[in-house]
Amino acid sequence: MAVALACGPDEQKSQKVEANPNMPDRVQAPAPAPRRPQITDCPEALREPEQVDRVLGSTCKSVTVHPGYRIENGSLTIEAGVTLQFMPGAELAVGFERPATLHVRGTPESPVRFTAAGDQAKPGAWKGIALYDHADGSEIAGLVLEFAGTDLRGAIYVQATDVKIDGSTVRDSQNVAVHVTSKGHVSSFKGNRLERVSSPALLLPARSAGSVTPDNTFPPDSVIHVLGGMIRERARWDVPKVPFVIGGVIEIEGPDDKHEAMLELAPGTVLKFDDDAYFTVGYDHPAALIAEAAGKEPIVLTSATRQTSHAWRGSTSTARPRRASATWCSSTAASAPTAGWSTPTTRRDSARRAARSATTAAE
């Protein structure tokens, strides 16, 4: 049945539109976010907090950074050939309270340089780079950073996630070259050179260790300190000649029953465990630990504190590993290392007790 509605020239009839349960409610589109101003001038100095998108182009050459400068709700992009000179007590702080990003775009031929201002050319002359919680997605490439750091944190301090540090040099720092907190994550760390920095050269969580590639250059006798934590995805640790010092319990397990986490140790990898540090594999979800070096440079698992038998707790599979393969040896222990894999029980506490008692210490 069709119904026709007619309106006379002087009459308007309202029509009520019924809601259609098969269609989503019409909502008003959100107002576009206000655009931040983009600044492309070349200031002599940066002194106050900024909420802009600032670009320091290659023509800017040298800019002095004073204490109090930081980037909030904006971005700072630094092109090749620019030098930032930092006054004592200054730092390049990004995303402390609001989202912000840092983009350093140097090249091998024309790097960006962060250094101390004036005649303060010594380790700790300025604080360094701080990528705080809201600086996710920041990228550093082609940077030469020198004379930075404090007693409490490294020359590059990372609380943000998905941070990339590639093709850069960190030298003459007061503390570690790069300090990634347990909340932070470095998704790429390749082609970097660390010179005259403390040991450990890197301090980072377990899930960031796989981002460190073999083409980085470390000082002699340096180590990489790995914090305890979770490995939820697939990772490969491959930094020959630079030992990993394991500072806590590292749990390897997938995010759910359908996805497997895996840690693969490349030939030549050396892991040194603190007294209470160890691996657990597949406690709740599928996981694998692969350490195969037959016919190649041995993989070494040993103690960071004592060169005696039973000095550390070993590697434990507490639930359902899909794969657990170990072919390694040690050059320092009195006995050859082995891996211990315990059988799970129904309760978490008893499983952990069984794992502890069944695990064979590797040195």
Side-chain angles (χ1 to χ4, degrees), residues 80 102-115 123 128-129 131 137-149 153-158 160-181 184-227 229 231 233-247 250 263-272 291 293 296-300 304:
L102 172 67
H103 304 278
V104 177
R105 297 175 177 171
T107 66
E109 299 77 18
S110 184
V112 172
R113 186 181 178 208
F114 289 1
T115 189
I129 300 172
L131 302 175
S138 293
E139 299 180 350
I140 297 173
L143 172 67
V144 174
L145 185 152
E146 57 191 6
F147 309 125
R153 66 190 195 195
I156 302 178
Y157 178 75
V158 180
T161 61
D162 192 24
V163 172
K164 297 179 174 64
I165 305 172
D166 300 322
S168 296
T169 297
V170 180
R171 61 195 183 198
D172 299 303
S173 65
Q174 180 167 321
N175 206 314
V176 301
V178 179
H179 177 178
V180 185
T181 70
H185 176 53
V186 172
S187 58
S188 181
F189 192 87
K190 60 186 179 183
N192 299 294
R193 177 176 291 274
L194 311 180
E195 301 174 349
R196 298 182 297 278
V197 300
S198 69
S199 185
L202 302 181
L203 175 64
L204 41 73
R207 70 186 189 116
S208 292
S211 301
V212 183
T213 58
D215 60 352
N216 294 286
T217 301
F218 291 82
D221 302 321
S222 188
V223 301
I224 299 171
H225 190 101
V226 181
L227 305 171
I231 295 178
E233 300 174 344
R234 292 171 177 258
R236 176 182 171 89
W237 291 7
D238 186 5
V239 188
K241 310 302 182 184
V242 182
F244 293 91
V245 174
I246 311 302
I250 295 178
L263 174 59
E264 179 183 1
L265 304 179
T269 300
V270 177
L271 305 184
K272 296 185 176 183
K296 300 179 181 178
E297 188 76 14
I299 298 169
V300 178

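Here the structure is a predicted model, which means the values were calculated and not measured. Both backbone and side-chain heavy atoms feed into the values below; hydrogens, waters and symmetry mates do not. The chain is numbered in sequence order, starting from 1.
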*asked:* Could you work out, with ring-ring contact (aromatic ring centres under 6.0 Å, His included) as the rule, every residue matching F189, not counting sequence neighbours?
replied: none
*Mind jotting down which residue pairs meet the salt bridge (charged side-chain N to carboxylate O under 4.0 Å, His left out) criterion with at least one end in residues 202-224? Sequence neighbours excluded, please.*
none
When rounded to the nearest 0.5 angstrom, what distance separates [atom1] in [X] from [atom2] in [Y]?
{"X": "L271", "Y": "F244", "atom1": "CG", "atom2": "CZ", "value": "7.0 Å"}
{"X": "N175", "Y": "I156", "atom1": "CG", "atom2": "CD1", "value": "13.0 Å"}
{"X": "I299", "Y": "T269", "atom1": "CD1", "atom2": "OG1", "value": "6.0 Å"}
{"X": "S173", "Y": "R196", "atom1": "OG", "atom2": "CZ", "value": "10.0 Å"}
{"X": "T169", "Y": "L143", "atom1": "OG1", "atom2": "CG", "value": "8.0 Å"}
{"X": "I224", "Y": "S208", "atom1": "CD1", "atom2": "OG", "value": "11.5 Å"}

Non-hydrogen atoms of [X] and [Y] that approach each other most closely:
{"X": "A201", "Y": "S222", "answer": "CB-OG, 3.1 Å"}
{"X": "A177", "Y": "V170", "answer": "CB-CG1, 3.8 Å"}
{"X": "S138", "Y": "L102", "answer": "OG-N, 3.1 Å"}
{"X": "V197", "Y": "P219", "answer": "CG2-CG, 3.8 Å"}
{"X": "P267", "Y": "K296", "answer": "CG-CD, 3.7 Å"}
{"X": "A266", "Y": "R236", "answer": "CB-NH2, 3.3 Å"}

*Does T181 have any side chain to side chain donor-acceptor pair (under 3.5 Å) partners at least two apart in sequence or in another chain, and if so, which?*
none
Using a 4.5 Å cut-off on heavy atoms from C-beta on, say whether the side chain of [Y] contacts that of [X].
{"X": "I129", "Y": "I140", "answer": "yes"}
{"X": "R105", "Y": "E139", "answer": "no"}
{"X": "R171", "Y": "V144", "answer": "yes"}
{"X": "V178", "Y": "L204", "answer": "no"}
{"X": "L194", "Y": "N216", "answer": "no"}
{"X": "V212", "Y": "F218", "answer": "yes"}
{"X": "P240", "Y": "P214", "answer": "yes"}

*In terms of heavy-atom contacts, does NZ of K164 have more than 12 from other residues, nucleotides or ligands at under 6.0 Å?*
yes
*Might you confirm whether atom CD of E195 has over 12 heavy atoms from other residues, nucleotides or ligands at distances under 6.0 Å?*
yes
*Quick check: does any side chain N or O of D172 sit under 3.5 Å from a backbone N or O of P123, one acting as donor and the other as acceptor?*
no
*Are the side chain of D166 and the backbone N or O of K190 linked by a donor-acceptor pair below 3.5 Å?*
yes
_Any salt bridge linking K241 with E297? Criterion: basic side-chain nitrogen under 4.0 Å from a carboxylate oxygen._
yes
